[in-house]
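Here the structure is laid out as structure tokens; the discussion comes afterwards.
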2 protein chains.
Amino acid sequence: MKSLHDTPGEQSPAGHALDRMFELAETLGALMERGMAERGVSRARAGLLWALSHGGPMTQRALATRLGVTPRNVTGLLDALEGDGLVRREPHPTDRRALLVSLTGRGRSLTAALRSGRDEMAAGLFTGMPREQVAAFTAGLELVIERLRAAAPPGC
Amino acid sequence: MKSLHDTPGEQSPAGHALDRMFELAETLGALMERGMAERGVSRARAGLLWALSHGGPMTQRALATRLGVTPRNVTGLLDALEGDGLVRREPHPTDRRALLVSLTGRGRSLTAALRSGRDEMAAGLFTGMPREQVAAFTAGLELVIERLRAAAPPGC
DNA sequence: CTACACAGTGAAGTCACTTCACGATACCCC
DNA sequence: GGGGTATCGTGAAGTGACTTCACTGTGTAG
């Protein structure tokens, strides 16, 4: 996708910074999507795998809340993931209504690959950048994120 | 949507920064989407309006290339936008195959509203942040974006 | 035991997006 | 002028991610 936000002309430093942030968001998202597509997972599916990889085996409802989507949606995503042999649904040991979702071996190795890809990318992105500049950049990021969160009160 | 990338534990500064960038991308995207939804446009539709607002009246194919999507997709999006009275399709003055798309009055005022919302947000995001820190942050952003682009060669 | 809350899923629909095929037009070369 | 070919927009059909609503089966509190 093209830049979509390449505002030309003069604007305030803040406006310019915001534009750059949008640009970052798009570029980063696109690149990420590409990397995942190469490994055969979409963004939504990868989100599920990621959540499982971080939170361990979990109920479908837990996944839904964690991802901020409908339980029904999780069902569908899991159907696909299970079909690909990346994920396994087992009966919950104590609650017979629920299913416990966990990564299979293939699922685990895929998430590991994704993670290492991410690390590699992180390394490449900041090489040669002075340590303190990275720190300053990150600090700025965190401040901005914090303020953004403050502006987005709901269940985000 | 929840964070999705809240990697806990120790990691390199670069890895941490990357995580923050993902967080930014998501939070920013979500907030943006919310703001647009309040005004009754989706992200894709807003992209079209934005392009028109920047580039002036344009052919549908031009819009498609500019947005990086299929011409067919633009047709559909425009059908909706036209139905909402935000956009107008007129015969191209010299090329009878093509249509010239332009914003209607309502379309212009909507994009103006979106733009002012964006500016307001930009202002709120960086208030109280020392001017030079904003500059440093933006510089970091630009460097990162440049490197990202270098890693994503195709028609992006 | 009853009433109610909660887990997962079928059915149906929306939205953004794609590919393929097609009719209408523009353009270029002989 | 006439024929070949590229281009503009769009119908048809399909995908993936998402939603809401209705429903079954199960836990749980009174």
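Computed from a predicted model, the values in this text were never measured in an experiment. In what follows, every chain begins at residue 1, and chains take the letters A, B, ... in the order their sequences are listed.
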Correct closest heavy-atom pair for Gly140(A) and Met129(B) would be CA-CE, 4.3 Å
Distance, rounded to the nearest Å, where Leu100(A) contributes CG and dT26(D) contributes C1': 17 Å
Can you tell me which residue pairs pass the ring pair (Phe, Tyr, Trp, His ring centres under 6.0 Å) test with a partner in residues 69-106 of chain B, sequence neighbours excluded? none
Apply salt bridge (Lys or Arg N to Asp or Glu O under 4.0 Å) to Glu120(B) and list each qualifying residue two or more places apart in sequence or on a separate chain. none
Just the table, please: protein N/O against nucleotides 20-25 of chain C N/O, every pair under 3.5 Å.
none

Base, sugar-phosphate alone, or nothing: which one does Ser42(A) contact when heavy atoms must sit under 4.0 Å apart? sugar-phosphate
Filter on ring pair (Phe, Tyr, Trp, His ring centres under 6.0 Å), then keep only pairs touching residues 97-144 of chain B, sequence neighbours left out; what's left? Phe137(A)-Phe137(B)
Would one find a side-chain N or O of Thr70(B) under 4.0 angstrom from OP1 or OP2 of dC17(C)? no
Residue Glu38(A) excluded, over 12 heavy atoms near CD under 6.0 Å: yes
Are Leu81(A) and Leu48(A) close enough, and set up right, to give a side chain to side chain contact (heavy atoms under 4.5 Å, CB included), and what steps lead you there? CA-CA 9 Å; Leu81(A) 251 19; Leu48(A) 261 180; 3.8 Å; yes
4.5 Å side-chain heavy-atom contact, Val101(B) and Leu52(B): yes
May I ask you to evaluate whether Thr59(A) reaches the phosphate of dA7(C), defined as a side-chain N or O under 4.0 Å from OP1 or OP2? no
For Thr138(A), the side-chain contact (heavy atoms from CB on, under 4.5 Å) test, sequence neighbours excluded, returns Val134(A), Glu142(A), His16(B), Ala17(B), Arg20(B)
Which one, dT19(D), dT9(C), dT10(D), comes nearest to the side chain of Gln60(A)? dT9(C)
In this structure, how many angstroms lie between the P atom of dG27(D) and the CG atom of Leu99(A), rounded? 12 Å
Nucleotide nearest Arg45(A) when distance is taken to its side chain, options dT20(D), dA17(D), dA7(C): dA17(D)
Whole-Å gap separating C1' (dG8(C)) and CE (Met58(A)): 16 Å
Between CG of Leu63(B) and C1' of dC8(D) the distance, given in whole Å, is 13 Å
Atom pair distance, as rounded to whole Å: CZ in Arg43(B) and C1' in dC17(C): 14 Å
Residues, nucleotides or ligands: over 12 heavy atoms within 6.0 Å of Glu146(A) CD: no
Which parts of residues 73-92 of chain A get close to DNA chain D, meaning a heavy atom less than 4.0 angstrom away? Asn73(A), Leu77(A)
